[in-house]
Participant: 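This is the structure I have questions about; it appears just below.
Numbers for residues simply follow the sequence, beginning at 1. Only heavy atoms go into these numbers, but all of them, side chains included; no hydrogens, no water, no symmetry mates.
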Amino acid sequence: MKIHREGLATILLTFAVLALINGAVFYFLGHMPLLCRIVAAFSLVLFLFIISFFRIPKREMKLDESLVIAPCDGKVVVIEETYEPEYFKDKRLQVSIFMSPANVHVNRNPISGQVKLSQYHAGKYLVAWHPKSSTENERHTVVIGNGKADILVRQIAGALARRIVNYLKPGMQVTQNEELGFIKFGSRVDIYLPVGTQVNVQLEQVVRGGQTVIATI
């Protein structure tokens with residue numbers, strides 16, 4: 001397991017703040033050893049929890065040009081036909097994956113191809129499962145296209161996740177399962193597929209980024 005580069009500053013800041021708090025507690029309240037131990041234990045659990053946000057576990061990635069692979073870890077919360085207003089401006093098949101704070105937060109390219117759109121949008125911070133979060137929350141939309149299909153992937157911030165990172169630029173050639181970006185502290189990723197695409201997942205199914213097959217194209 002590795003630690004993602006996006007987490008280094010947060011981890012160092014957390015360590016410094018917790019060290020300062022524990023130093024102050026032990027200095028001023030050293031005559032209360034039980035309280036000092038409780039604070040130290042809580043600090044350790046919190047520090048390890050923060051580190052877990054930025055973990056990148058070692059995995060065998062699935063590579064197949066005929067498949068759409070999960071761009072993130074999480075649970076499938078939406079599978080439906082809907083109107084996509086930003087790029088396609090027509091009906092698409094939407095598959096949405098909710099990322100909890102306990103999930104791995106790195107996002108990956110679901111297919112290989114050329115980046116046709118990479119657009120950031122400022123917005124609100126509604127809870128990730130809110131129906132309007134796809135269009136009103138802070139988000140970043142990318143479209144990757146190849147000879148088989150154009151796939152839209154939208155990273156969506158939530159009530160807790162307040163930082164979206166995206167590494168793609170229009171015109172780039174990207175490879176399936178390479179890093180697309182990162183959403184700090186979880187949230188949601190929407191995938192928009194052509195109507196009629198064979199979906200290989202079900203509602204409430206837990207998926208793993210880089211491994212679970214979302215659809216067949």
Side-chain angles (χ1 to χ4, degrees), residues 4-6 56 59-74 76-99 103-121 123 128 133-135 137-157 161 163-184 186-201 205 207-217:
H4 199 280
R5 61 187 181 277
E6 296 294 345
I56 306 178
R59 289 181 181 172
E60 288 286 336
M61 301 291 181
K62 185 182 291 291
L63 293 169
D64 191 321
E65 292 185 0
S66 66
L67 302 177
V68 178
I69 306 301
C72 63
D73 287 21
V76 177
V77 294
V78 174
I79 301 176
E80 65 181 16
E81 284 190 18
T82 187
Y83 181 77
E84 196 293 302
E86 181 178 356
Y87 181 82
F88 296 113
K89 296 179 172 57
D90 63 11
K91 276 197 169 184
R92 293 281 142 169
L93 182 58
Q94 176 184 341
V95 179
S96 298
I97 301 170
F98 173 71
M99 303 165 61
N103 287 130
V104 175
H105 303 304
V106 64
N107 299 154
R108 301 184 180 279
N109 301 317
I111 61 171
S112 299
Q114 183 181 51
V115 179
K116 298 186 175 183
L117 174 74
S118 181
Q119 181 65 52
Y120 169 79
H121 301 273
S133 64
S134 291
T135 55
N137 275 22
E138 178 184 352
R139 59 202 181 277
H140 196 114
T141 301
V142 299
V143 176
I144 303 172
N146 56 32
K148 292 182 178 292
D150 289 349
I151 305 297
L152 186 150
V153 182
R154 181 171 290 135
Q155 300 168 283
I156 302 170
R163 175 89 195 281
I164 296 174
V165 181
N166 190 282
Y167 306 129
L168 304 191
K169 304 294 182 185
M172 289 176 62
Q173 291 289 335
V174 298
T175 302
Q176 192 174 51
N177 296 327
E178 285 181 346
E179 287 191 19
L180 176 152
F182 198 94
I183 306 180
K184 292 191 175 182
S187 192
R188 173 172 154 177
V189 175
D190 289 350
I191 309 163
Y192 289 84
L193 308 163
V195 172
T197 299
Q198 176 186 324
V199 176
N200 298 75
V201 291
Q205 180 176 335
V207 300
R208 289 165 62 90
Q211 292 187 326
T212 303
V213 177
I214 297 295
T216 301
I217 52 175

Participant: Name the one of Ile183, Val165, Val153 that satisfies side-chain contact (heavy atoms from CB on, under 4.5 Å) with Asn107?
Facilitator: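 So, applying the side-chain contact (heavy atoms from CB on, under 4.5 Å) to Asn107 and each of Ile183, Val165, Val153, only Ile183 qualifies.
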
Participant: For Ile56 and Val104: C-alpha separation, side-chain torsions, deciding distance, then whether side-chain contact (heavy atoms from CB on, under 4.5 Å) applies.
Facilitator: CA-CA 7 Å; Ile56 306 178; Val104 175; 5.6 Å; no

Participant: Identify the residue among Gln119, Gln155, Glu86 that makes a side chain to side chain donor-acceptor pair (under 3.5 Å) with Thr141.
Facilitator: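 When side chain to side chain donor-acceptor pair (under 3.5 Å) is applied between Thr141 and each of Gln119, Gln155, Glu86, only Glu86 qualifies.
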
Participant: Under the salt bridge (charged side-chain N to carboxylate O under 4.0 Å, His left out) test, which residues partner Glu84, sequence neighbours left out?
Facilitator: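 Salt bridge (charged side-chain N to carboxylate O under 4.0 Å, His left out) list for Glu84, sorted by chain: Arg154.
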
Participant: For Val142 and Asn109: C-alpha separation, side-chain torsions, deciding distance, then whether side-chain contact (heavy atoms from CB on, under 4.5 Å) applies.
Facilitator: CA-CA 10 Å; Val142 299; Asn109 301 317; over 6 Å; no

Participant: Which pair of non-hydrogen atoms, one from Pro110 and one from Ile144, has the smallest distance, and what is that distance?
Facilitator: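 Closest approach of Pro110 to Ile144: CD-CD1, 4.3 Å.
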
Participant: Test of understanding: with side chain to side chain donor-acceptor pair (under 3.5 Å), list the residues that count as partners of Thr82, not counting sequence neighbours.
Facilitator: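 Once residues adjacent in sequence are excluded, Thr82 has no partner under the side chain to side chain donor-acceptor pair (under 3.5 Å) criterion.
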
Participant: Does atom CD (Gln173) have a neighbourhood of more than 12 heavy atoms from anything else shown, all under 6.0 Å?
Facilitator: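 Correct, the count exceeds 12.
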
Participant: Salt-bridge test for Arg92 and Asp190: reply yes if a basic N is under 4.0 Å from a carboxylate O, no otherwise.
Facilitator: no

Participant: Holding to salt bridge (charged side-chain N to carboxylate O under 4.0 Å, His left out), I want the full list of residues that pass it with Arg108, two or more places apart in sequence or in another chain.
Facilitator: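 Salt bridge (charged side-chain N to carboxylate O under 4.0 Å, His left out) list for Arg108, sorted by chain: empty.
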
Participant: The criterion is salt bridge (charged side-chain N to carboxylate O under 4.0 Å, His left out); which residues satisfy it with Lys116, sequence neighbours excluded?
Facilitator: Asp150

Participant: Which heavy atom of Gly113 sits nearest a heavy atom of Asn146, and at what distance?
Facilitator: CA-CB, 4.2 Å

Participant: How about Val143 and Ser118: do any of their side-chain heavy atoms sit closer than 4.5 Å?
Facilitator: no

Participant: Give every donor-acceptor pair under 3.5 Å between a side-chain atom in residues 64-72 and any protein atom, sequence neighbours left out.
Facilitator:
residue : atom : partner : partner atom : Å
Asp64   : OD1  : Ser66   : N            : 2.9
Asp64   : OD1  : Ser66   : OG           : 2.7

Participant: Minimum heavy-atom separation for Leu193 and Val95, please, with both atom names.
Facilitator: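 The answer is CD1-CG2, 4.2 Å.
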
Participant: For Glu6 and His105, which I'm curious about, is there any donor-acceptor pair between the side chains at under 3.5 Å?
Facilitator: no

Participant: Apply side-chain contact (heavy atoms from CB on, under 4.5 Å) to residues Lys148 and Ile111 and explain how you reach the verdict.
Facilitator: CA-CA 10 Å; Lys148 292 182 178 292; Ile111 61 171; over 6 Å; no

Participant: Check side chain to side chain donor-acceptor pair (under 3.5 Å) between Arg208 and all other residues, then give those that pass, not counting sequence neighbours.
Facilitator: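 Only Gln211 meet the side chain to side chain donor-acceptor pair (under 3.5 Å) criterion with Arg208.
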
Participant: State, to 0.1 Å, how close Leu152 and Tyr87 come at their nearest heavy-atom pair, and which atoms those are.
Facilitator: CD1-CB, 4.0 Å

Participant: Between Thr216 and Asn200, is any side-chain donor less than 3.5 angstrom from a side-chain acceptor?
Facilitator: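 Their side chains do contain a donor-acceptor pair, which is all the 3.5 Å distance test asks for.
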
